[in-house]
Enquirer: 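Have a look at the structure that comes next, please.
These numbers come from a predicted model, not from an experiment. Just follow the structure's listing: the first ligand is 1, and inside any ligand the first atom is 1.
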Amino acid sequence: MANIISLGGLQVASRDELGQAMAGGCTASSCGTKAGPADMDPATWAKVKDHPCYSEEAHHYFARMHVSVAPACNIQCNYCNRKYDCANESRPGVVSERLTPEQAARKVLAVAAEVPQLSVLGIAGPGDAAYDWKKTKATFDKVQSQLPDIKLCLSSNGLAMPDHVEEIVAMNIDHVTLTINTLDPEVGAKIYPWVFFRGKRHEGVEGAAILLARQMEALDMLVARGVLVKVNSVLIPGINDAGMVELNREVKARGAFLHNIMPLISDPAHGTHFGLTGQRGPTAAELRAVQDQCGDGANLMKHCRQCRADAVGMLGEDRGQEFTLDKLPETVAEDGEEKRAAYRDWVARERADRRAATEAAQAEAAALAAPPMRVAVCTKGGGRINQHFGHATEFQIYEVDAGGVRFLTHRRADNYCVGGHGESDRLTEIVRTLDGVPVVLCARIGEGPRSRMAEAGIEVIDACAMDYIETALLDLYADRNRSPDAGALSA
Ligand code: CLF
Ligand code: SF4
């Protein structure tokens, strides 16, 4: 196992050992997002390389934060109760801290000083960032003047977006999310009971037709000006699922950079129309089936965590409660920018290492002809297998074969280890969560839980602690298929 150093709160292997044991790099084609600089023009790579949502690779290294500053909205979605956040781009069911632009800027400064991984500030509800534009712009202006290295990102239903595209371009905002759920106004009427446009409320099909036309106008305008557009779609079984493949093709044809098909989260406790009328969300299998049908359409994002509208941290973690208004310091450390720059330099070196190691491992695996393997990975970030099994609250699911490594999805579970002891019920739940995944790679596991996992037919391996995810998966695949009975990576 490698010596460990800490950088920006992230445990990483020391560079000396990396040089000897593993250099690495993610050439894995994952999430549909292009993996690296070889796959896109330099200007686009410069925009996505540090954005955890626009690059699956970047989400191993970089953090985002959201501030909830723009509460007004100009439409009603049947999956939304604004009291519980904007389900267009965040997980409903939690109440974010609403901030003024001044409070938001103070919070961003405090987080940026403490979290060197921070690269993006997003405004993602509740409310619509383009409709409540004055507050969105005031927040971004304040942050940009003090933290020019932090990228700005916003999410909108699109209705008001065409009115602000020129300002968005002038403000150097490179990333905009539009939530587009359908191309068909008849379907739209089942999702949006009304829209408020040019001083008038429009209902049913008429309102939906206005909204959908403005969404396409916004998409075209943003793409024409070089802004990277991610399209979010909420998958609602029986309502818009049949048209999702066509929607995927259409947004690709119009130049969307990514398409994020998110499952509807519906709960009567949220008080939404869909929640109260029993509209269910898709199962994981239904979501996967729609994603698979999209095939060669727009690039699909699969690493979305449907995070909170006031989320802070790496995707999959939420440090928001550490940075509530009452906990913000009066003054912040002055070396934040320096720390972020040092962190980015480290990431650049790490990426180069990782790419080289993956290419080497890939060369061996490419010669093998065996069925794909599904493997769950425990990671805290940095693209490495660096989390104890008992601490994992999500498992990243990969598929590996001779063609390379593909990220499929993440699955959440409560951590097995609580206060130094294992929770038997939680292990049972983890086994259920890992249905169809026969191998787990983690940094460490005790003999007790390892045996119980083995009894359930799941092998847990901790022999590749601190390895890059891709090299460990490729080595495992090669190892198993060279010598099915042995396997140097067996625990
Ligand atoms: Fe936030 Fe959205 Fe920007 Fe990312 S989130 S505004 S693009 S910085 Fe990311 Fe969170 Fe998924 Fe959104 S994981 S919910 S896609
Ligand atoms: Fe709610 Fe967002 Fe839809 Fe507005 S756009 S109704 S805030 S989900």
Side-chain angles (χ1 to χ4, degrees), residues 31 33 47-48 50-56 58-59 62-93 96 98 108 118-132 136 140 150-161 173-181 188 191-196 207 211 215 227-234 236 257-265 270-274 300-318 320 410:
C31 288
T33 47
K47 287 177 185 170
V48 304
D50 298 348
H51 196 307
C53 305
Y54 282 69
S55 159
E56 191 274 326
H59 104 280
F62 291 102
R64 52 69 183 108
M65 71 175 289
H66 291 163
V67 287
S68 178
V69 292
C73 191
N74 49 357
I75 70 172
Q76 180 61 55
C77 302
N78 276 334
Y79 45 70
C80 177
N81 173 354
R82 278 193 275 291
K83 193 172 149 197
Y84 294 117
D85 281 345
C86 168
N88 275 343
E89 176 76 324
S90 55
R91 170 167 288 270
S96 307
R98 310 291 154 83
V108 180
L118 185 73
S119 63
V120 177
L121 167 65
I123 298 181
D128 190 79
Y131 179 59
D132 214 344
T136 297
F140 279 167
I150 300 296
K151 287 186 184 301
L152 307 176
C153 187
L154 65 84
S155 173
S156 168
N157 62 49
L159 184 61
M161 182 58 72
I173 296 173
D174 292 326
H175 305 86
V176 169
T177 295
L178 295 172
T179 298
I180 304 178
N181 291 317
I191 302 171
Y192 312 107
W194 56 261
V195 312
F196 187 76
L211 175 64
Q215 289 173 338
V227 178
L228 297 183
V229 180
K230 172 165 70 65
V231 171
N232 278 2
S233 300
V234 181
I236 312 164
F257 183 76
L258 271 180
H259 190 192
N260 178 21
I261 303 175
M262 315 160 80
L264 171 73
I265 299 174
H270 299 162
T272 64
H273 174 80
F274 282 154
L300 291 180
M301 174 182 188
K302 293 183 182 169
H303 62 286
C304 175
R305 303 300 201 275
Q306 290 180 279
C307 35
R308 289 173 58 130
D310 59 0
V312 174
M314 309 287 281
L315 304 193
E317 76 170 0
D318 189 0
H410 65 279

Enquirer: Suppose we screen for ring pair (Phe, Tyr, Trp, His ring centres under 6.0 Å). Which residues come up paired with Phe62, at least two apart in sequence or across chains?
Expert: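 Applying ring pair (Phe, Tyr, Trp, His ring centres under 6.0 Å) to Phe62 gives Tyr343.
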Enquirer: Against heavy atoms of Cys307, which atoms of ligand 1 measure under 4.0 Å?
Expert: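 With Cys307 as reference, the close atoms of ligand 1 come out as 5 (S), 10 (Fe), 13 (S), 14 (S).
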Enquirer: Could you list which atoms of ligand 1 come closer than 4.0 Å to a heavy atom of Leu315?
Expert: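 Once the distances to Leu315 are compared, the set is 13 (S).
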Enquirer: Checking the side chain of Asp128 only, and the main-chain atoms of Ser156 only, is there a donor and an acceptor separated by less than 3.5 Å?
Expert: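 Pair absent, no side-chain N/O of Asp128 close to backbone of Ser156.
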Enquirer: Could you tell me which atoms of ligand 1, counted from 1 in the order shown, lie closer than 4.0 angstrom to a heavy atom of Cys304?
Expert: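 Every atom of ligand 1 under 4.0 Å from some heavy atom of Cys304: 11 (Fe), 13 (S), 14 (S), 15 (S).
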Enquirer: Give the numbers and elements of all ligand 1 atoms closer than 4.0 Å to a heavy atom of Lys230.
Expert: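 Near Lys230, the atoms of ligand 1 are 7 (S), 15 (S).
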Enquirer: Show which atoms of ligand 1 fall inside a sub-4.0 Å distance from at least one heavy-atom site of Cys153.
Expert: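 Per the distance check, 3 (Fe), 6 (S), 7 (S), 8 (S).
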Enquirer: Provide the number and element of each atom of ligand 1 under 4.0 Å from a heavy atom of Arg305.
Expert: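 Per the distance check, 11 (Fe), 13 (S).
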Enquirer: Please list, in number order, the atoms of ligand 1 under 4.0 Å from a heavy atom of His66.
Expert: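 Going through ligand 1 atom by atom, the ones under 4.0 Å from His66 are 1 (Fe), 5 (S), 6 (S), 8 (S).
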Enquirer: Which ligand 1 atoms does Val120 reach within 4.0 Å, using its non-hydrogen atoms?
Expert: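 Per the distance check, 8 (S).
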Enquirer: Taking 2.8 Å as the cut-off, does an N/O/S atom of Cys77 lie below it from atom 3 (Fe) of ligand 2?
Expert: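 Cys77 does place an N, O or S atom closer than 2.8 Å to atom 3 (Fe) of ligand 2.
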Enquirer: Holding to salt bridge (Lys or Arg N to Asp or Glu O under 4.0 Å), I want the full list of residues that pass it with Asp174, two or more places apart in sequence or in another chain.
Expert: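 Testing Asp174 for salt bridge (Lys or Arg N to Asp or Glu O under 4.0 Å), a comparison that skips the adjacent residues, returns none.
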Enquirer: Can you find a pair of side-chain heavy atoms, one from Cys153 and one from Leu121, that are under 4.5 Å apart?
Expert: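 They are not in side-chain contact.
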Enquirer: Give a yes or no answer on whether the side chain of Gln215 reaches the backbone of Asn181 with a donor-acceptor pair at less than 3.5 Å.
Expert: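 No; judged by distance alone, with no hydrogens or angles, the pair does not exist.
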Enquirer: Taking Lys151 first and then Asp50, would you say they form a salt bridge - that is, a charged N and a carboxylate O separated by under 4.0 Å?
Expert: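 Answer for the salt bridge query: no.
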